[in-house]
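These notes are about the structure you will find just below.
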Amino acid sequence: MACSACRPQRRVPVDFSKKEPAQPSLVAGAGVLRLAIGAMLGPQETFESYERLMRYVAERAGRRAEVVQRRTYEETNRLLLDGEIDVAFICTGAYVTIRDRVRLLAVPVVAGSPTYASVVLARRGGPASIDALRGLRFAFTDPLSNTGRLYPIYLLKRRFVATPREFFGSIVYSGAHDESIRLVLDGVVDAAAVDSLVWEKFAARRPAPAAELAVIHRSPAFGAPPFVANLALDPALAETVRAVLFGMAEDVEGAAILSGLG
């Protein structure tokens, strides 16, 4: 039984009906660059992690930043396709559905690799393999999430010729990878599929709770979540944004932002 309402209650409220107000730019008289952040983390964690990055990109491109958040991957995709935002950092799965209608700008390199994976997490002492999850409670993140839903569905179909509803006892959608981790820690679900980059960052920053969990499955490597631009965005500005992203590691402030993001 799916239950989209079964989510943790510890999120900090965010008003998604309003865009974040544009901040003063370093460039006098600059236009606006509208940037969105896919909901790969909970809303507060997403904003705190990526807001500085987005403002940096806009300012280095000579624009004022207008940073936008939405609850789902589909909503962010729709903003891109409807021309309501210019640039976005989105999930790989969300990108695949619109890849012919957006401009690919860049992908992040983490620990020397531009890839990531889907990891299935369970509590230590609990189910120790995918086979052991039959009839248990499972958390997906978002319907368009590559690591948090699409890959696990593929895995079930290939290994068991089964759909999630046929295989699991119940399914919930957490809305974000960090929320899926918390659901497993809190015992709300028995296992969850999450982005390996989110998991590794969580494990590095919170080793004690992470030690309570185990990775019981890891997927092959996938291309990392990309930065994309609206096709209607001026090509010269899109190339400027790309150049800013590629030059961050050589800039003191840019390098500090990248370091903070891992």
query: Nearest 0.5 Å, what's the CE-CD distance between Met248 and Glu250?
result: 11.5 Å
task: Could you pull out the closest heavy-atom pair between Pro225 and Phe89, with the gap in Å?
output: O-CE1, 3.2 Å
Residues in side chain to side chain donor-acceptor pair (under 3.5 Å) contact with Asn230, at least two apart in sequence or another chain: none
- prompt: Quick one: do Val102 and Val68 end up in the same hydrophobic cluster if we chain Ile, Leu, Val, Met, Phe, Trp and Tyr together by side-chain heavy atoms under 4.5 Å apart?
  reply: yes
- prompt: Are Leu79 and Arg70 close enough, and set up right, to give a side chain to side chain contact (heavy atoms under 4.5 Å, CB included), and what steps lead you there?
  reply: CA-CA 9 Å; Leu79 290 176; Arg70 289 295 183 269; 3.7 Å; yes
message: Restricting to salt bridge (Lys or Arg N to Asp or Glu O under 4.0 Å), what partner residues turn up for Arg206, sequence neighbours left out?
response: none
Joint hydrophobic cluster, Val96 plus Leu150, side-chain heavy atoms closer than 4.5 Å: no
- request: Just jot down the side-chain contact (heavy atoms from CB on, under 4.5 Å) partners of Asp86, sequence neighbours excluded, or say none.
  value: Leu33, Arg34, Leu233
- request: Report whether Leu231 and Leu104 are members of the same hydrophobic cluster (ILVMFWY, side-chain heavy atoms less than 4.5 Å apart, transitive linking).
  value: no
- prompt: Side chains of Ser180 and Ser174: do they bring a donor and an acceptor to under 3.5 Å?
  reply: yes
- request: With side chain to side chain contact (heavy atoms under 4.5 Å, CB included) as the test, would you mind laying out the steps for Arg103 and Val228 before giving the verdict?
  value: CA-CA 5 Å; Arg103 184 191 307 273; Val228 300; over 6 Å; no
statement: With sequence neighbours left out, the residues meeting side chain to side chain donor-acceptor pair (under 3.5 Å) with Arg78 are Asp82
Expected output: side-chain Ser113 to main-chain Val110 donor-acceptor under 3.5 Å: no
- line: When rounded to the nearest 0.5 Å, the distance separating CG of Leu261 from CZ of Arg52 is 9.0 Å
- line: Tested for side-chain contact (heavy atoms from CB on, under 4.5 Å) against Phe222, the lone hit among Thr115, Asp195, Asn146 is Asn146
field: Distance-minimising heavy-atom pair for Ile153 and Phe140
entry: CG1-CZ, 4.3 Å
- request: Would you indicate whether the side-chain heavy atoms of His177 and Ser145 approach each other to under 4.5 Å?
  value: yes
- line: By side-chain contact (heavy atoms from CB on, under 4.5 Å), Ile216 pairs with (sequence neighbours left out) Val120, Ala122, Leu133
field: CA sep, side-chain torsions, deciding dist, call: Glu253, Arg60, salt bridge (charged side-chain N to carboxylate O under 4.0 Å, His left out)
entry: CA-CA 11 Å; Glu253 182 182 357; Arg60 290 301 190 276; 3.0 Å; yes
query: Given side chains that start at C-beta, do those of Leu144 and Glu74 come closer than 4.5 Å, heavy atoms only?
result: yes
task: List in chain and number order the residues that pass side-chain contact (heavy atoms from CB on, under 4.5 Å) with Ser259, two or more places apart in sequence or in another chain; answer none if no residue qualifies.
output: none
message: Could you check whether any side-chain heavy atom of Val57 comes within less than 4.5 Å of a side-chain heavy atom of Val87, counting everything from C-beta outward?
response: no
query: Looking only at atom types and distance, does a side-chain atom of Asn77 sit under 3.5 Å from a main-chain N or O of Tyr95, one as donor and one as acceptor?
result: no
message: Using 0.5 Å steps for rounding, measure from the CG atom of Leu35 to the CD atom of Glu51.
response: 10.5 Å
- request: Using side-chain contact (heavy atoms from CB on, under 4.5 Å) as the criterion, list what pairs up with Ala243, not counting sequence neighbours.
  value: none
query: With sequence neighbours left out, what residues match Tyr56 under ring pair (Phe, Tyr, Trp, His ring centres under 6.0 Å)?
result: none
- request: Might you work through the side chain to side chain contact (heavy atoms under 4.5 Å, CB included) test for Arg137 and Val188, ending with a clear yes or no?
  value: CA-CA 8 Å; Arg137 303 162 299 170; Val188 177; 5.6 Å; no
- prompt: Distance from Tyr73 atom OH to Asp142 atom CG, nearest 0.5 Å?
  reply: 5.5 Å
message: Which residue is it: Leu156, Thr163, Leu136? I am looking for the one with a side-chain contact (heavy atoms from CB on, under 4.5 Å) to Phe168.
response: Leu156
- request: Assign the ring pair Tyr154 / Tyr151 to parallel, tilted or perpendicular, where the plane angle (0 to 90°) is split at 30° and 60°.
  value: tilted
field: Interatomic spacing from CG in Leu121 to CH2 in Trp199 - rounded to 0.5 Å
entry: 5.0 Å
query: Does Arg218 have any salt bridge (Lys or Arg N to Asp or Glu O under 4.0 Å) partners at least two apart in sequence or in another chain, and if so, which?
result: Glu200
Nearest heavy atoms of Glu166 and Val161, plus distance in Å: OE1-O, 4.2 Å
field: Atom of Ser118, atom of Ala193 and distance for their closest heavy-atom approach
entry: OG-CB, 4.0 Å
message: Assess the residue pair Val67 and Arg55 against the criterion (side chain to side chain contact (heavy atoms under 4.5 Å, CB included)); give the C-alpha distance rounded to whole Å, side-chain angles, the decisive distance to 0.1 Å, and a yes or no.
response: CA-CA 8 Å; Val67 183; Arg55 297 202 184 283; 3.9 Å; yes
query: Got Thr72 and Thr76 here, is their nearest side-chain heavy-atom distance under 4.5 Å?
result: no
Partner residues of Glu239 under the salt bridge (Lys or Arg N to Asp or Glu O under 4.0 Å) criterion, sequence neighbours left out: Arg242
- request: Please check if atom CZ in Phe160 has more than 12 non-hydrogen atoms from other residues, nucleotides or ligands closer than 6.0 Å.
  value: yes
- request: Could you pull out all residues at least two apart from Arg124 that satisfy side chain to side chain donor-acceptor pair (under 3.5 Å)?
  value: none
statement: Between Ala162 and Phe167 the two heavy atoms that sit nearest each other are CB-CB, 4.3 Å
- prompt: Would Leu237 and Leu245 show up in the same hydrophobic cluster when neighbours are defined by side-chain heavy atoms closer than 4.5 Å?
  reply: yes
Validation row: Phe138, Ser170 side chains within 4.5 angstrom (heavy atoms): no
query: Where do Tyr116 and Thr92 come nearest, in terms of heavy atoms and distance?
result: OH-OG1, 3.1 Å
- prompt: So do Ile90 and Ile98 actually touch side chain to side chain, heavy atoms under 4.5 Å?
  reply: yes
query: Considering residues at least two apart in sequence or located in another chain, which fulfil the side chain to side chain donor-acceptor pair (under 3.5 Å) criterion with Arg123?
result: Glu212
task: Evaluate the side-chain proximity of Phe246 to Leu105: yes if any heavy-atom separation is below 4.5 Å, no if none is.
output: no
- request: Show the numbers, then the answer: is there a salt bridge (charged side-chain N to carboxylate O under 4.0 Å, His left out) between Glu59 and Arg63?
  value: CA-CA 5 Å; Glu59 289 179 350; Arg63 299 289 174 122; over 6 Å; no
query: Do Val184 and Asp190 come within less than 4.5 Å of each other through their side chains, counting heavy atoms only?
result: no
